[in-house]
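What follows is one structure encoded as structure tokens, with my remarks underneath.
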Amino acid sequence: MRSSQLFGKTLRQAPGDAENISHKLLTRAGFIQQIAAGIFSLQPLGNRSITKIRNIIREEMDRAGGQEINMPVIQPRDLWEESGRAETFVPPLATFEDRRERQMIIAPTHEETATAMARASVTSYRDLPFTIYQIQTKFRDETRPRGGLLRVREFEMKDAYSFDADEEGLERSFQAMVAAYKRIFKRCGLDVVMVDADSGGIGGKDSNEFVLLAESGDDTILMSDESDYAANVEKAEFIKKEFPIGNLCEVEEFATPDIKTIEALAKLEGVSRSKTAKAVFYSVDGEVVIVTIRGDYDVNETKLRNLLGGSVPRLATPEEVKAAGLVAGSASAVGLEGVKSIVDDSITMGSNYLAGANKEGFHLRNVNFPRDFKADILGDIAEAKKGYPSPDGKGKLIAKRGIELGHVFKLGNVYSSKMGARYTDEDGQQNDVLMGCYGIGIGRMLAAAVEAYHDDFGMVLPSAIAPYDIYLAGLNLEDADISGKAEMLYESLQDAGFDVLFDDRDAPPGVKFKDADLMGIPVRVVISSRSMGNGGVEVKARAEKESEIVSEPDVIEAVRKLLG
RNA sequence: CGGGGCGUGGCGCAGUCCGGUAGCGCAUUGCACUGGGGGUGCAAAGGUCACAGGUUCAAAUCCUGUCGCCCCGACCA
């Protein structure tokens with residue numbers, strides 16, 4: 001491609017509404033154009049990058065045995081009634097009515113459609129297993145799109161769905177996808193880590209995220225500094241500190257005027273927060289529940305939701321707390337009737353706690369579980385934080401920020417049972433098909449790559465996903481000798497199989513160099529009267545400061561070396 | 001959905017408080033010069049001041065409403 005004919009222009013200044021690096025650079029370099037909040041067009045350069053990413057994904061999906069399909073973006077709402085997600089999907093489904101007044105939705109994901117596709121042709125265990133995938137547009141009407149391509153409403157996703165007869169098969173299919181994902185990110189030049197994750201609204205049990213570590217990421221990852229344990233903060237576990245359990249003393253009430261917080265209570269008594277039992281109130285499905293956790297830990301609401309069977313908890317309002325008969329600042333589960341009690345297992349790892357007396361201005365000493373209060377549910381609802389011991393017993397947790405690029409889930413029979421995707425086994429029995437689903441955000445991969453790999457001058461794209469391999473800058477092109485050589489170089493580099501952007505414009509050198517840097521093209525080749533005087537052409541990697549002069553016949557080899 | 005900010009040539013901004021000729025930088029066009037990090041000069045073109053209504057002799061500016069975009073929070077494959 002010749003720069004003189006390339007559609008799209010680079011900008012010296014990014015539009016004012018672009019805030020983060022990838023949004024600014026992708027806009028300035030002429031990769032993307034914003035059309036509305038969270039909705040973007042791809043210009044030729046951006047489209048080339050995305051096409052490269054898409055092709056790598058497609059190759060690896062095929063290699064892993066996936067079969068490419070295509071499912072509609074527009075779907076009847078009925079299909080979503082079957083899975084039960086029509087009302088519950090977050091964000092709410094984008095809906096419209098067709099001319100026959102049928103309710104239609106714009107698909108935010110394709111589990112329902114994939115299940116429908118499978119159930120139409122699977123009848124026997126002989127039909128299993130298989131994995132289908134597509135690269136398709138989704139729409140999620142996010143409450144707040146942000147960060148350019150990082151969090152958009154309309155986006156392209158590679159989504160794959162596996163179908164198996166049994167758990168062993170699901171595990172095999174799942175691991176095949178995990179392996180494919182690792183290859184995809186590696187080939188794209190992205191340093192991505194796989195972490196344990198919560199499965200959220202998609203459903204199912206096991207799930208892993210693939211995260212690109214970057215300071216600007218919105219995902220918090222906790223990883224061990226000594227082992228390969230890594231998990232999303234929503235999912236992360238840790239070894240809780242255990243205290244020796246001494247004699248259980250008698251409960252005694254004492255006056256604590258103006259003491260409303262665990263911090264103040266611990267200070268008043270001159271003990272650490274771990275000697276207190278903290279009570280937190282949540283509203284779940286319109287009901288107030290009391291959550292008790294040792295004072296040195298905080299509640300992880302995702303873990304709480306999972307313990308509650310998937311209902312989303314939110315902090316109860318002061319009015320709700322009052323209506324439930326609870327005394328904020330002096331509350332505890334001790335002696336409470338008619339309020340559901342959730343207890344974190346950290347409470348069992350200590351004794352003689354300070355806790356609220358359920359009486360304004362009073363607290364209790366020597367509260368013990370389960371002697372003094374009950375739990376309707378006992379489990380792990382504590383939020384892991386940096387510095388805590390890793391759950392595998394090796395090392396401490398460290399915290400990192402990251403951008404989620406992929407997510408894999410073992411769905412099991414969540415969809416197949418509801419939607420009737422069944423097969424007959426060897427014994428003639430009907431069973432639910434077991435499913436897995438596997439997603440990669442394609443546009444987000446490009447944005448994340450820019451977030452992770454850039455400098456003051458622009459993007460520094462990994463060669464596999466850069467729009468072009470080589471930025472060929474011809475200077476002094478009014479000199480027929482130079483321009484003739486530049487044209488020949490343009491031809492021979494293309495013949496060697498490289499994607500070349502040839503800057504043939506009548507523009508000052510500085511302009512060409514700035515554009516080359518901004519676009520992040522991995523290798524820059526310069527031919528000019530000066531380079532010829534120095535014995536050939538100049539070759540420079542985008543990521544390096546220094547360039548080298550090589551003779552014309554050696555250019556291809558030099559470029560190949562730089563591209564790796 | 002709560003809080004905050006912003007809408008003025010393609011991009012970045014000033015002008016709005018205090019109503020009266022729409023302005024600056026970059027980009028664009030032409031010519032000349034220049035030629036290794038967004039170069040110089042001369043000349044030129046380009047704007048329903050987000051939209052609608054109102055006040056006024058007069059509105060980018062004041063009033064009312066609407067829309068859009070961004071940021072923080074809540075939420076989030």
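Sequence lines set the chain letters: A, B, ... in the order given, protein chains first and strands last, and positions in each chain run from 1.
Residue contacts shown for A/Thr10 include a base, since a base heavy atom lies under 4.0 Å away. The residue A/Arg314 sits apart from the nucleic acid: no heavy atom pair falls under 4.0 Å. Using a 4.0 Å heavy-atom criterion, one finds that A/Gly147 contacts the sugar-phosphate atoms exclusively. Using a 4.0 Å heavy-atom criterion, one finds that A/Gly406 contacts no nucleic acid atom at all. Across all strands, A/Ala18 comes closer than 4.0 Å to no nucleic acid atom at all (heavy-atom distances). The residue A/Gln34 sits close only to the backbone: its heavy atoms come under 4.0 Å of sugar-phosphate atoms, none of a base. At the heavy-atom level, A/Asp159 lies nowhere under 4.0 Å from the strands shown. Using a 4.0 Å heavy-atom cutoff across all strands shown, A/Arg153 reaches no nucleic acid atom at all. Residue A/Lys9 is classed as a sugar-phosphate contact, given heavy-atom separations below 4.0 Å to backbone atoms only. As judged by a 4.0 angstrom heavy-atom cut-off over every strand, A/Asp141 is placed among residues making no nucleic acid contact.
Rounded to a whole Å, the CZ atom of A/Arg505 is 9 Å from the P atom of B/rU28. Atom CD of A/Glu234 and atom P of B/rA74 are 13 Å apart (whole Å). What separates CZ of A/Arg305 from C1' of B/rC75 is a distance of 12 Å, to the nearest Å. The nearest whole Å value for the distance from the CZ atom in A/Arg151 to the P atom in B/rC76 is 10 Å. A/Arg524 has its CZ atom 10 Å from the P atom of B/rG37, to the nearest Å. One atom, CZ of A/Arg144, and another, C1' of B/rG68, lie 16 Å apart when rounded to the nearest Å. For the pair A/Ile482 CD1 and B/rG36 P, the computed distance is 12 Å after rounding to whole Å. Counting to the nearest Å, the C1' atom of B/rG12 and the NZ atom of A/Lys24 are 12 Å from each other.
Nearest to the side-chain atoms of A/Ser528 among the listed nucleotides B/rC69, B/rG36, B/rG38 stands B/rG36. Residue A/Thr143 places its side chain closer to B/rC75 than to any other of B/rC69, B/rC75, B/rG36. Checking B/rG38, B/rA77, B/rC70 against every side-chain atom of A/Ala37, the shortest atom distance belongs to B/rC70.
Base pairing of B/rG36 is not made with any nucleotide, judged by Watson-Crick or G-U wobble geometry with both donor-acceptor distances under 3.5 Å. The partner of B/rU16 cannot be assigned: no Watson-Crick or G-U wobble pair with both contacts below 3.5 Å exists in any strand. Base pairing of B/rA50: its partner is B/rU66, meeting the Watson-Crick or G-U wobble criterion (both donor-acceptor distances under 3.5 Å). Across all strands shown, the partner of B/rC1 is B/rG73, judged by Watson-Crick or G-U wobble contacts whose two distances both fall under 3.5 Å. B/rU55 is unpaired under the criterion used here, namely a Watson-Crick or G-U wobble arrangement in which both key atom distances are under 3.5 Å. The partner of B/rG30 is B/rC42, by the rule that a Watson-Crick or G-U pair needs both atom distances under 3.5 Å. Pair check for B/rA60 finds none; no Watson-Crick or G-U wobble contact set falls under 3.5 Å. Nucleotide B/rU21 forms no Watson-Crick or G-U wobble pair with any nucleotide shown, as no partner meets the under 3.5 Å limit on both distances.
Note that A/Arg444 lies outside the cation-pi zone of A/Phe155, set by a 6.0 Å cut-off to the ring centre and a 45° limit from the axis. Cation-pi geometry between A/Arg153 and A/Phe139 is not met at under 6.0 angstrom from the ring centre and within 45 degrees of the axis.
Nucleotides B/rG46 and B/rG9 place their P atoms 15 Å apart, quoted to the nearest Å. Between B/rG68 and B/rA60, the two P atoms lie 24 Å apart (nearest whole Å). Comparing B/rC17 with B/rA59, their C1' atoms sit 15 Å apart, to the nearest whole Å. To the nearest whole angstrom, the two P atoms, one in B/rA50 and one in B/rC33, are 43 Å apart. Taking atom C1' on both B/rC13 and B/rG19, the two are 23 Å apart, rounded to the nearest angstrom. A gap of 30 Å separates the P atoms of B/rG15 and B/rG38, to the nearest Å. Atom C1' of B/rA32 sits at a distance of 43 Å from the matching atom of B/rC69, rounded to the whole Å. Nucleotides B/rU40 and B/rC51, compared at atom C1', are 43 Å apart to the nearest Å.
Taking the six-membered ring where tryptophan is involved, the planes of A/His407 and A/Phe409 are essentially parallel, since the angle between them stays under 30° and well short of 60°. In this pair, A/Phe502 and A/Tyr490 present their aromatic rings tilted. The plane angle is within the 30 to 60° band.
Residue A/Arg140 places no side-chain N or O under 4.0 Å from the OP1 or OP2 atom of B/rC75. At B/rC71, none of the side-chain N or O atoms of A/Arg146 fall inside 4.0 Å of OP1 or OP2 (strictly under the cut-off). Close to B/rA27, at under 4.0 Å from its OP1 or OP2, lies a side-chain N or O of A/Arg12.
Expressed to the nearest 0.5 Å, how far CD1 of A/Ile135 lies from CE of A/Met61 amounts to 9.0 Å. In this structure, A/Glu404 CD and A/Ile440 CD1 are separated by 11.0 Å, a value rounded to the nearest 0.5 Å.
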Write out a two-atom table: protein N or O, nucleotide N or O from nucleotides 45-50 of chain B, distance below 3.5 Å.
none

Any N/O pairs under 3.5 Å between the protein and nucleotides 3-11 of chain B? List them or say none.
from: B/rC11; atom 1: O2'; to: A/Gln13; atom 2: O; distance (Å): 2.9

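Residues A/Phe185 and A/Phe210 bring their aromatic ring centres within 6.0 Å. In this structure, the ring of A/His23 has its center no less than 6.0 angstrom from the ring center of A/Phe31.
A distance-only check finds no donor-acceptor pair linking the side chain of A/Lys138 to the backbone of A/Ile106 [under 3.5 Å].
Annotation: side-chain hydrogen bond (donor to acceptor under 3.5 Å, both in side chains) contacts of A/Asp469 (sequence neighbours excluded): none.
Screening A/Val90, A/Thr109, A/Leu93 against A/Arg85 for a side-chain contact (heavy atoms from CB on, under 4.5 Å) leaves a single residue, A/Thr109.
If you check distances only, the side chain of A/Asn476 never reaches the base of B/rG36 with a donor-acceptor pair under 3.5 Å.
Using a 4.0 Å cut-off between charged nitrogen and carboxylate oxygen, A/Arg183 and A/Glu60 count as a salt-bridge pair. By the 4.0 Å N-to-carboxylate-O rule, A/Arg2 lies close enough to A/Asp504 to be salt-bridged with it. Classification of A/Asp455 and A/Arg542 as a salt-bridged pair holds, one side-chain N sitting under 4.0 Å from a carboxylate O.
Map A/Arg530 and A/His407 each onto its nearest nucleotide of RNA chain B; the residue landing nearer the 5' end is A/Arg530. Sequence order on RNA chain B of the closest nucleotides to A/Arg28 and A/Pro145 puts A/Arg28 first from the 5' end.
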